Structures are given as C-alpha cells and as structure tokens.
There are 2 protein chains.
Amino acid sequence: MRPLLVEIARDTLMNALQHVTKAVDVHNPIPILQGIHIQARADGIIFTASNASMTIRAESPQDGASVTVRRTGAVVIPSRYFHDVIRKLHDERILLETNEQLIVTVKSGHSQVRLCGMDPYEFPSLSGEQSAPRRLSINSASLKSAIKQVATMASTSETRPVLTGVSVECNHDSITFIATDGVRLATRNLDAEGNISETFRAIIPAKNLYEMSKMLSSEDEITGIEVSNSRVRFATHGLKVESARIEGAFPSIMNAIPQAYLCEFTVERAHLLAAVECVTVLASDNIIKLVASHHLLKLLSRTPEVGDIENAVPLTEMSGEGFAISVNGKFLTDILRHSDCSGVRVRYAGPTSPIVILPDDPNISALFLVTPVRTHN
Amino acid sequence: MRPLLVEIARDTLMNALQHVTKAVDVHNPIPILQGIHIQARADGIIFTASNASMTIRAESPQDGASVTVRRTGAVVIPSRYFHDVIRKLHDERILLETNEQLIVTVKSGHSQVRLCGMDPYEFPSLSGEQSAPRRLSINSASLKSAIKQVATMASTSETRPVLTGVSVECNHDSITFIATDGVRLATRNLDAEGNISETFRAIIPAKNLYEMSKMLSSEDEITGIEVSNSRVRFATHGLKVESARIEGAFPSIMNAIPQAYLCEFTVERAHLLAAVECVTVLASDNIIKLVASHHLLKLLSRTPEVGDIENAVPLTEMSGEGFAISVNGKFLTDILRHSDCSGVRVRYAGPTSPIVILPDDPNISALFLVTPVRTHN
C-alpha cells in the first residue's frame with residue numbers, strides 16, 4: 001500500500017467529514033464499513049463512505065492553499081475516532097500521513113495522533129454499472145425545497161417498502177416528486193434545466209434523499225442527476241451522492257386526488273399552523289376537528305378527563321358550503337410547516353375524500369393530501 | 001372554593017411556569033403532585049410547585065399592567081398540559097378563570113381552553129416550621145458562580161446520600177460550599193453581605209441547588225438564605241425556593257487537601273482544557289497521563305487496537321520537580337470548564353496524593369481536587 005502524505009486545512013477536512021459520515025454505518029459489525037476511505041490523488045483528496053443503501057464522496061481539490069498532496073496513496077480510517085479527534089484539534093493546519101503498516105499519523109500544532117488504519121482494497125468499490133444512465137440537471141435550491149416538502153411524508157414502516165421511497169418521475173422538461181404513507185401524500189413538480197431526451201421513473205429511499213438535500217446549497221447552483229438501472233447519482237459542488245433504487249411499482253396518485261370540491265378557502269399559513277399546533281396539544285390521539293363556515297375556520301380538540309380547546313382563524317377567501325371534518329393534527333402540522341409559502345389553499349371534497357392543501361403561490365407547484373379520520377361524534 | 005379571575009401577560013405567565021415546573025414531579029402517580037398551585041391574591045398571583053425534596057414559588061405582583069387580579073381564589077392545574085397550551089398561545093394577554101366545579105378556562109385571542117383543575121386544599125402545604133431560622137444574604141451572581149463550580153462535583157450515586165449534597169458552612173462573615181464524590185472535590189468560599197451572628201452547617205441536595213442557581217440573576221442582586229432545622233430557603237426577585245436538607249455528617253475535607261507540594265505550575269485554562277478534551281477522545285476508560293517537565297505539560301492517552309494521542313501545553317510558571325501521573329480526563333475537563341478564570345494553578349504532592357487545581361485569580365477563593373488513577377505503566 002502506498003503511504004499517503006497530505007496537508008489539509010482543518011475546516012476543509014471537517015466539512016468533508018461532516019458530509020461523508022452521513023453514509024457511515026456505525027452499527028456495522030465489519031470494521032471496514034465503519035471507516036472512511038481517504039484517497040490522496042495528484043488532483044486532490046477524495047473522502048468516501050458507504051453503506052448498503054448510500055455512498056457519499058466529498059472531493060477536496062488540490063489548490064496549494066487548503067489542500068496539498070505531498071504523496072498520493074489511500075487508507076481507510078475508523079470514522080468515529082477520526083471525526084472526534086479532528087473536531088478537538090484547534091490548529092488551522094492538519095498533516096495526515098500513513099506508513100506501510102497502515103498507521104495514520106495526524107499532526108496539528110502540539111498534537112500528534114496515531115490511529116490504526118485499514119486496507120483500502122477491502123473497502124467496497126463504487127458500483128461500476130455499465131447501463132447507459134439517463135441524465136438531467138436541476139436548480140439546487142429548488143431541489144432542496146422540493147425534497148424537504150415531499151420526503152417527510154414518506155412512510156417509515158417497512159410493511160410496504162415502496163412507500164419508504166420518493167417516486168421521481170421525469171417527463172421531458174419537468175420532474176415530479178411524490179411521497180405517501182397511505183394517509184397523507186405530497187407531490188411537487190420542478191422544471192428541469194434544458195430539455196431531457198428521455199422519460200423515466202425511479203423510487204429513491206426518502207431518508208437518502210433527505211440526507212442529500214441537507215448537503216445542497218440554497219444558492220443558485222445546479223445539481224446533476226444520473227439514473228441507471230439500480231442506482232441514482234446526484235452531483236453538486238464537489239459532492240457525489242449515490243443511492244440505491246427501491247424496486248416495485250409506486251401507487252398511482254391520480255386516483256387519490258379529488259377532482260371536484262364542495263368547499264375551497266385560502267388562509268394565512270403561519271396563522272393556521274399556530275392554531276393547529278395549539279389545538280393539537282389537547283387532541284386525544286392527535287385528532288382535531290375542523291369546522292369551516294362564514295369565512296372562519298374553527299379548530300377543536302379534547303382529551304377526556306383533562307379538557308378541551310377551541311381556536312379560530314379567519315379565512316381570506318371562501319367559496320362553497322361550510323363543512324366539519326376530523327384530521328390528524330400532527331400530520332396537518334407537518335404539511336403546513338413544509339409548504340414554504342405565506343398562504344395556503346384548502347379544498348374539501350366530501351366527508352370521505354382527502355383534504356387537499358396547495359401553496360397559494362403560482363410559482364410553487366406542490367400539492368398535499370391528508371385523509372380524514374372517522375370519529376363517532 | 002372561591003373561583004379566581006385574573007388577567008396576565010403571556011411572558012409573565014411563561015416566566016413563572018418555567019421556574020416552578022422545575023419542582024413538578026411529572027412521574028408522581030398522585031395527580032395533584034403533577035399540578036401547579038395558582039393562588040390569586042389581592043396583591044398578585046403566586047405559582048407554587050412542590051416535590052418531596054423541593055418547593056418553588058414564583059410571585060407575579062399585581063401591577064395593573066402585566067398582572068390584574070379581578071377575583072381572588074385558588075386552583076391546582078395539571079402542569080404539563082397547562083404549560084404546553086400556554087406555550088402555543090401567541091396573543092399577548094391571557095385570561096384565567098375558574099368556576100365552582102374547578103374548571104379552568106384560559107382565553108387568549110381566538111383561543112379558548114378548558115382544563116380540569118384540582119382542589120387547592122389537597123395540595124401539600126408549605127412547611128410551617130417553627131424553629132428560629134438562621135439568616136444570611138449573599139450576592140446573587142457570586143452565588144450562581146459558586147454553585148455552578150461546586151454542585152457538579154457532587155456524587156450522583158445514592159450509596160452515600162451525604163455525598164449527593166453540597167455542604168454549606170457559614171462562619172460569621174463567610175460561607176463555604178463543598179462537594180465531593182470521593183474521587184474529586186470542589187470548594188468555594190464567598191463573603192456574606194453584612195455580619196452573621198451565628199455559625200451553622202447544612203447539606204443541601206446538589207440537584208436542588210443547581211436548579212436554584214439557574215434561576216439566579218447574574219446581575220448585582222442579593223439572595224437571602226434562611227436555614228431552619230429541616231429546610232433551607234432561598235429568596236430572590238420574586239422567587240422562593242425551599243429545599244430539604246440531607247441528614248448526616250459531611251466528610252471533613254481538611255485531611256484531603258495536601259499541605260506541601262513537590263511541584264507547582266500555572267497554565268492558561270482554555271489551552272489546558274482544549275488539550276485535555278482532545279486527548280480524552282482516545283483515552284481508554286477516560287484515563288489520561290500528564291507529564292510535567294521543563295515548563296511543558298505533555299498529555300497522553302491510548303485505546304488499544306485503535307491508536308494513541310499526544311498533546312502538549314506550555315506552562316507559564318513552574319517550580320519544583322517534574323512529575324508523571326494519570327487522572328480521569330472527563331473529571332479534569334469538568335473542573336477546568338467550571339473554574340471560571342483565565343489561568344489555573346496546578347499542584348502535585350506525590351503519586352498517591354490528589355492533584356490540586358486553583359483558579360489563578362485572588363478574587364476567586366475556590367479549590368478543586370482530583371484523585372490520581374493507578375495504572376500499570
């Protein structure tokens with residue numbers, strides 16, 4: 001094994017570690033899978049961590065300032081100890097060196113750390129899938145917002161694995177994200193950058209997508225997406241995240257969205273969110289009742305033996321008949337927290353149809369559904 | 001039961017609740033002990049919570065602005081629900097009203113909450129101990145700092161109950177706080193405001209003292225302390241905290257403090273703290289080795305099969321012979337975090353004597369001990 005020798009700024013190293021450690025499987029009994037693969041190349045340092053579902057690569061290019069590669073080579077370092085030690089070093093420059101016995105020496109200021117490294121050839125290699133991938137590009141800030149809105153609505157139960165994923169459908173010039181846990185549903189549509197030659201569908205584990213979204217910049221950057229038969233890759237400013245795909249057919253959402261409404265109103269989002277959160281405090285099993293009438297939405301809940309609560313928010317616009325319906329207050333809170341706009345439009349299509357919630361903003365093409373709860377009163 | 005009716009500003013109510021809920025015993029199977037006693041009097045509202053060990057009273061005086069008492073009376077409200085509901089109300093003014101059936105109605109803006117209250121006569125009454133208390137006054141900011149330094153060193157194991165307490169010794173014009181868990185010890189001395197006629201000792205549960213210190217202002221205020229046979233009371237800006245005393249004899253610390261030293265040095269506190277925290281990351285069982293020589297303190301640790309680490313800090317002053325000793329790195333970290341000064345003085349009195357650490361500041365009369373760990377190398 002060729003011993004590496006690199007100099008790296010503490011902040012650059014911490015930044016790379018913070019990203020890749022998201023893919024480290026700290027509970028894996030095989031030590032190498034608790035490690036971070038470090039490869040020093042002539043053009044920079046590549047940090048890689050991988051679990052069965054996700055691989056994250058962070059590249060720190062050689063620039064003569066924050067990264068200097070003095071000798072190329074590779075090693076795998078135990079993630080937890082390495083991260084903990086680097087966090088506690090306070091000097092700006094860090095020297096990493098390995099020897100033939102795979103001992104990693106970290107020098108910084110008055111500190112000298114020696115850690116037992118592992119053989120980089122034992123690290124799982126990145127998939128070299130040969131099928132021609134389909135590619136598209138998307139604005140990073142929009143992608144981050146879309147994933148935040150949609151991914152939290154996916155199921156966390158493994159009973160139906162497809163529902164733990166987000167369905168990504170690409171249709172020439174737009175991309176649609178859909179997630180549902182069977183009780184609520186979120187969908188968001190984004191324009192792709194440039195035309196896309198092909199159409200495709202993929203189901204991506206929601207938790208991978210969510211971790212990836214946290215690494216995306218809110219700046220006006222571009223994220224490249226590459227979809228091949230078994231994997232999806234995202235690439236943005238020095239980071240590559242590869243996720244497994246979930247096999248199976250995602251349920252069709254078109255049947256779930258009611259097409260005609262008995263009542264529709266708009267309401268200030270922050271105001272409605274505060275009222276829902278307040279009423280949910282006393283909601284037995286989180287069930288709150290919504291009663292819309294005369295440009296006012298009443299919210300009610302009760303917990304037997306403890307008490308009840310009533311709240312009201314004014315509606316800015318209302319058409320159709322009033323209605324009364326019960327929903328899960330926590331689910332409604334999740335939707336309102338993630339709808340990212342100042343007003344929302346709420347549609348009621350009857351006592352057994354899901355409530356439809358839309359951001360009242362023509363620039364955000366998102367839609368949320370929440371199924372009502374049957375109650376005896 | 002006389003039904004109360006009060007108007008109170010949300011911030012004033014939240015502030016009182018945040019203090020008194022510290023004494024609510026949320027796991028107590030008796031509902032009334034999970035409650036907050038609210039008494040509306042002509043001069044203001046008194047909030048009280050109490051568990052077996054501590055009682056906290058917060059007074060919100062009637063001032064016509066933030067507190068208006070329209071009808072005096074009392075009730076006990078379930079703490080958790082009440083606190084959660086108030087937290088979620090966003091309007092500035094809150095109206096609290098009870099009826100003959102002890103239903104508490106909370107009105108604020110568009111919200112109306114009804115909670116089942118409990119009979120205030122069932123609430124444990126505050127101790128009306130008749131023994132003449134001994135009184136003293138102390139600067140609140142100094143008291144806060146002293147408790148922070150000392151209380152964290154008390155034992156958390158119930159094996160020797162006296163060690164879960166802080167010994168408070170009052171000797172005419174000064175007061176001494178001492179805590180030890182048998183391995184480390186902290187003591188701090190403060191001047192009392194004015195002369196005190198009597199001397200006394202009391203052992204106060206460290207966790208009560210610590211909760212109380214968090215309520216103390218860092219401003220230049222005064223805290224009154226009253227010690228009676230079974231209780232200690234603290235009073236400061238509208239808050240009264242009463243704690244049980246721990247029975248028993250606190251170990252004498254005079255025997256524990258070494259009187260002659262083989263080596264003594266001073267060192268920058270932040271620098272030493274950073275080095276100890278760094279080295280402790282790789283310390284098996286938290287054991288780190290300190291080696292002092294030639295105005296340099298080396299710190300070393302190792303975890304078998306993982307690696308080792310070495311760090312060094314320069315000493316600003318050193319007298320006597322060099323030494324090598326092993327200590328618990330977490331304990332040393334606790335001491336250094338709480339010593340509240342820019343430099344510390346460290347004294348070594350031999351391989352089996354505790355290390356002495358003193359703030360290098362004539363205004364802070366504190367002393368910490370940490371017992372060395374025997375190692376085989």
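Below, chains carry the letters A, B, ... as their sequence lines are ordered, and counting in each starts from 1. Keep in mind it's a predicted model, so treat the numbers as computed, not measured.
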Tell me, out of A/Cys116, A/Pro314, A/Pro78, A/Ala274, who's got the most heavy-atom pairs with chain B below 4.5 Å.
A/Cys116
For chain B, which of A/Gly307, A/Ser108, A/Ser111 has the most heavy-atom pairs under 4.5 Å?
A/Ser111
Smallest heavy-atom separation, B/Ser50 atom then B/Phe123 atom, equals N-CZ, 4.1 Å
Contact class of B/Thr303 relative to chain A, heavy atoms under 4.5 angstrom:
side chain
All heavy atoms of B/Cys341 vs all of B/Val344, minimum pair found to be SG-CG1, 4.2 Å
Best-contacting candidate, A/Arg80, A/Glu310, A/Arg114, against chain B by heavy atom pairs under 4.5 angstrom
A/Arg114
When rounded to the nearest 0.5 angstrom, what is the spacing between CG in A/Leu315 and CG in A/Leu296?
6.5 Å
Note: A/Arg71 and A/Glu97 closest approach over all heavy atoms is NH2-OE2, 3.5 Å
